[in-house]
Each structure stands twice: as C-alpha cells, then as structure tokens.
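Throughout, protein chains are lettered first and strands after them, A, B, ... in sequence-line order, and every chain is numbered starting at 1. From a predicted model like this one, the values you see are computed outputs, not experimental measurements.
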Amino acid sequence: MDEQPRLMHSHGVGMAGHPGLGQHMPDGTEGEGRKQDIGDILQQIMTITDQSLDEAQARKHALNCHRMKPALFNVLCEIKEKTVLSIRGAQEEEPPDPQLMRLDNMLLAEGVSGPEKGGGSAAAAAAAAAAGGAGADNSAEHSDYRAKLSQIRQIYHTELEKYEQACNEFTTHVMNLLREQSRTRPISPKEIERMVGIIHRKFSSIQMQLKQSTCEAVMILRSRFLDARRKRRNFNKQATEILNEYFYSHLSNPYPSEEAKEELAKKCSITVSQVPVTVWRQVSNWFGNKRIRYKKNIGKFQEEANMYAARTAVTAASASAQGSQANSPSTPNSAGEFRPEQRLDRSVWLLLNQTESEMVQRV
DNA sequence: GCGTATGATTATAG
DNA sequence: CTATAATCATACGC
C-alpha cells in the first residue's frame with residue numbers, strides 16, 4: 001500500500017509529458033520481459049497521436065489485444081478514480097433535502113401521494129370531518145373538492161411516472177454508453193455509479209418542481225373550498241342580540257367560560273354552521289372580534305352598549321339599584337367596582353376598558 | 001358598485 | 001393552549 005501513491009503519481013506525470021516512463025515501473029520481483037512489455041506499451045500509447053489515423057487504429061487494436069492490457073487498464077481506472085473522485089467526491093453526500101421532505105409530507109397529508117384513491121378520499125373526508133365538527137351537509141359541499149383533488153392527484157401521478165420512466169431510460173442509456181466506453185476508456189464502476197447518482201439528483205430536482213406546483217394547486221384548492229371566510233354567513237338577528245346581551249352585561253369581563261360559550265351557542269341556535277368551524281369556535285370568534293372592535297372604538301359602540309345595558313336593566317327587575325347603574329350612559333368603568341371578584345380574570349381588559357371609557361367620559 | 005360590517009384565519013406572545 | 005391584533009373575504013345596506 002505504501003508504493004501505490006508513488007506509482008500512481010509517476011503515472012500521472014508521465015501521462016502528461018514524459019514518454020520515457022518505462023524505467024520507473026516496478027522493479028526487482030518483476031520479470032525482465034514484463035518490464036519491457038510495459039515500456040513498449042506506454043511508448044506506443046504516448047506516440048499514438050503522432051501517427052496517421054490508419055496506423056493509429058491498427059496500433060490501438062494491437063494494444064487492445066495485448067496481454068498486459070487488462071492490468072494496465074485497471075491501473076488507469078484506479079488512478080482516475082483516486083484523482084477525479086477525490087477532487088469531486090468530497091462535496092457530495094447530501095442529507096435528505098428538508099424542503100423536499102416538507103413537500104412530501106404535505107402531499108402525503110393531503111392524500112395526493114399516499115395510497116390509492118380510497119385512502120385519499122378517506123383522508124380528505126377525515127380532514128373535512130375533523131375540521132367540520134357539525135358536518136351535516138359537508139359531504140355534498142366537499143364532493144366537488146374531492147373531485148378536483150383526485151384530478152390533481154391523477155395528474156401528479158402520471159407526471160411522476162413519466163419522470164420516473166424518463167429517469168430510468170436515461171440512466172440505462174448513460175450506463176450502457178459508459179459501459180461501452182469503459183472498454184476503451186478508463187471508467188470504473190464507481191464512476192458509473194456516481195454518474196447515476198448525479199442523474200438521479202437532477203431528475204429528483206425536476207420532480208421537486210412537480211411536487212411544488214402540486215402542493216400549490218392543492219393549497220389553492222383548499223383555500224377555494226375549505227376556507228371558511230369564503231362561506232361566511234352573518235348570524236341572525238336573534239343570535240347577535242343574545243351575544244351582545246352577554247357581552248354588554250359582562251363588559252367588565254367579557255370572557256365567557258367554556259360552559260357559557262356552549263350555553264350561548266345553544267341559545268343562539270347556531271348549531272348548523274355551513275363552515276368548517278365548530279360552534280364553540282364561532283362563539284369564541286365572535287367574542288374575540290367583539291372585544292377587539294369594542295376596545296378599538298368604544299365611542300362607536302357606546303350607543304349599542306347603552307341599549308343593551310338598558311335592556312338587561314329592564315329584564316332584571318329584582319336588582320333595581322345595580323340595574324340603574326348599568327343603565328346610565330357613562331358607567332362601564334363602575335361595573336368593575338361593582339364586581340370586584342371578577343377582576344382576577346382579565347386585568348388587562350379591565351385596565352384598558354377603564355382608561356378608555358374614562359377618556360370617553362371626559363371628552 | 002362601493003363602503004362598512006362581520007365572521008374567520010393567521011401570526012404572535014404569554 | 002388562549003387572547004389579541006392584523007388581515008382576509010364575504011355579506012349587507014345604500
């Protein structure tokens with residue numbers, strides 16, 4: 001193993017410019033005749049370009065048939081492998097591309113790349129059911145979606161197959177070519193392997209584009225069909241009134257508990273939602289929107305607040321004293337003082353609410 | 001049609 | 001996980 005690099009080095013240099021290389025060949029143990037042979041062969045190789053074409057062909061043929069040819073050829077292969085591969089081989093060995101993994105995962109999750117059609121639609125149905133909560137009429141709503149999805153799926157698969165086929169064809173073509181050439185050029189199996197790797201990488205980068213565009217198509221489809229914002233329906237008058245009633249009667253702490261939300265949902269009869277959103281979430285959304293919009297512009301909601309406060313005051317006939325307090329136009333801040341036990345929940349809201357209403361009051 | 005209202009989603013922070 | 005703030009996409013009233 002010690003002399004191998006030296007040997008190859010001399011070969012490399014020799015190939016580049018020194019025809020008289022035969023003398024450097026392995027010594028001692030080798031027979032004289034063999035040494036002579038190698039010198040001859042190299043000499044012939046080096047001078048082959050000086051000859052005419054016919055002569056060169058003849059020489060080439062002779063060299064090809066020479067008994068030392070396989071051994072020398074192997075040496076050449078080894079040299080090339082060591083030099084070329086050491087130069088270019090170091091940068092390879094990439095980990096699986098994270099973006100590709102992401103795309104693959106998404107396609108799998110959307111039921112595009114997974115098992116056959118049954119699995120895909122089942123996954124879609126499951127997703128729809130999971131998102132829908134009360135998905136009574138969802139199936140009819142989503143049939144169009146599923147049809148489009150399977151269309152995408154089909155295109156994806158045929159394209160993928162095409163790429164796969166092209167890749168295989170090209171790979172075998174190149175492999176055959178290289179094998180063919182390996183008879184006359186120093187091409188090691190390892191190099192062929194490497195070339196195959198390169199081809200596969202190229203093709204998989206093309207595949208990635210397909211996956212990318214498929215993902216985009218699925219996302220667009222999803223947003224077209226599954227985005228609830230596109231199917232928005234306003235709550236009916238009664239539901240809004242009930243929600244507003246709760247909101248303004250709990251103005252100091254408008255954070256309904258889970259049970260309260262459930263209760264409100266029931267009272268509002270917003271059980272059948274056209275959108276893939278749970279009833280509970282609709283109530284949450286409503287309160288989230290209401291809080292933020294109220295806080296942003298208390299003045300705008302003042303009238304509404306008074307109205308609902310008045311209504312609750314009228315209904316709550318028993319609590320006349322507090323009712324009148326809540327009834328008066330400018331007492332949202334006093335609500336907190338009347339229910340100190342509620343303040344631990346959302347002190348931030350309370351603070352903002354108080355300061356804002358105080359400001360409004362002063363103006 | 002257009003501006004506003006409104007329900008839902010997304011991003012972000014605690 | 002929830003609440004908030006910003007934003008989106010539609011509904012609604014004019």
Open item on the list: Can you measure A:Glu303 atom CD to B:dA5 atom P for me and round it to whole angstrom units?
Closed with: 13 Å
Task: Distance in angstrom units between A:Arg291 CZ and C:dA6 C1', rounded - done: 16 Å
Task: Value in whole Å for how far the P atom of B:dT6 lies from CZ of A:Phe287 - done: 15 Å
Open item on the list: Using whole Å, what does the distance between atom P of nucleotide B:dT9 and atom CG of A:Asn285 come to?
Closed with: 6 Å
Open item on the list: Using only atom types and a distance under 3.5 Å, with no angle test, would you say the side chain of A:Ser204 pairs donor to acceptor with the backbone of A:Gln207?
Closed with: no
Task: Set of residues satisfying salt bridge (charged side-chain N to carboxylate O under 4.0 Å, His left out) with respect to A:Glu241, sequence neighbours excluded - done: A:Arg311
- [ ] Just say parallel, tilted or perpendicular for the rings of A:Phe170 and A:Phe203, cut-offs at 30° and 60°.
- [x] tilted
Open item on the list: For A:Arg153, is there any backbone N or O sitting under 3.5 Å from a side-chain donor or acceptor partner on A:His157?
Closed with: yes
TODO: Give a yes-or-no answer on whether the side chains of A:Asn289 and A:Arg291 include a donor-acceptor pair shorter than 3.5 Å.
DONE: no
- [ ] For B:dT6, take OP1 and OP2 only and decide whether either is under 4.0 Å from a side-chain N or O of A:Lys290.
- [x] no
Open item on the list: Check this for me: does any side-chain nitrogen of one of A:Lys267 and A:Glu245 sit under 4.0 Å from a carboxylate oxygen of the other?
Closed with: no
Which atom pairs link the protein and nucleotides 9-11 of chain C when you take only N or O atoms and keep those under 3.5 Å?
from: C:dT10; atom 1: OP1; to: A:Arg230; atom 2: NH1; distance (Å): 2.8
from: C:dT10; atom 1: O2; to: A:Arg232; atom 2: NE; distance (Å): 3.1
from: C:dT10; atom 1: O2; to: A:Arg232; atom 2: NH2; distance (Å): 2.3
from: C:dA11; atom 1: OP1; to: A:Arg233; atom 2: NH1; distance (Å): 2.7
from: C:dA11; atom 1: O4'; to: A:Arg232; atom 2: NH2; distance (Å): 2.9

Open item on the list: Check this for me, if you would: do A:Glu193 and A:Lys190 make a salt bridge, where the nitrogen-to-carboxylate-oxygen distance has to be below 4.0 angstrom?
Closed with: no
Open item on the list: Taking the nucleotide of DNA chain C with the nearest heavy atom to each, does A:Pro256 or A:Asn289 sit closer to the 5' end?
Closed with: A:Pro256
Task: d(CH2, A:Trp280; P, B:dA8) in whole Å - done: 13 Å
- [ ] Return yes if the base of B:dG7 and the side-chain atoms of A:Arg293 contain a donor-acceptor N/O pair under 3.5 Å, otherwise no.
- [x] yes
TODO: Look at A:Lys300 and B:dT4 and indicate whether a side-chain polar atom (N or O) is within less than 4.0 Å of OP1 or OP2.
DONE: no
Open item on the list: Taking 4.0 Å as the cut-off, does a side-chain nitrogen or oxygen of A:Gln282 come that near to OP1 or OP2 on B:dG7?
Closed with: no
- [ ] Grab the NZ-P distance between A:Lys296 and B:dT4 for me, whole Å please.
- [x] 14 Å
Task: Length of the line joining A:Phe247:CZ and B:dT6:P, which is rounded to integer Å - done: 13 Å
TODO: Please state how far atom CZ in A:Arg281 lies from atom C1' in B:dT6, giving the value in whole angstrom units.
DONE: 15 Å
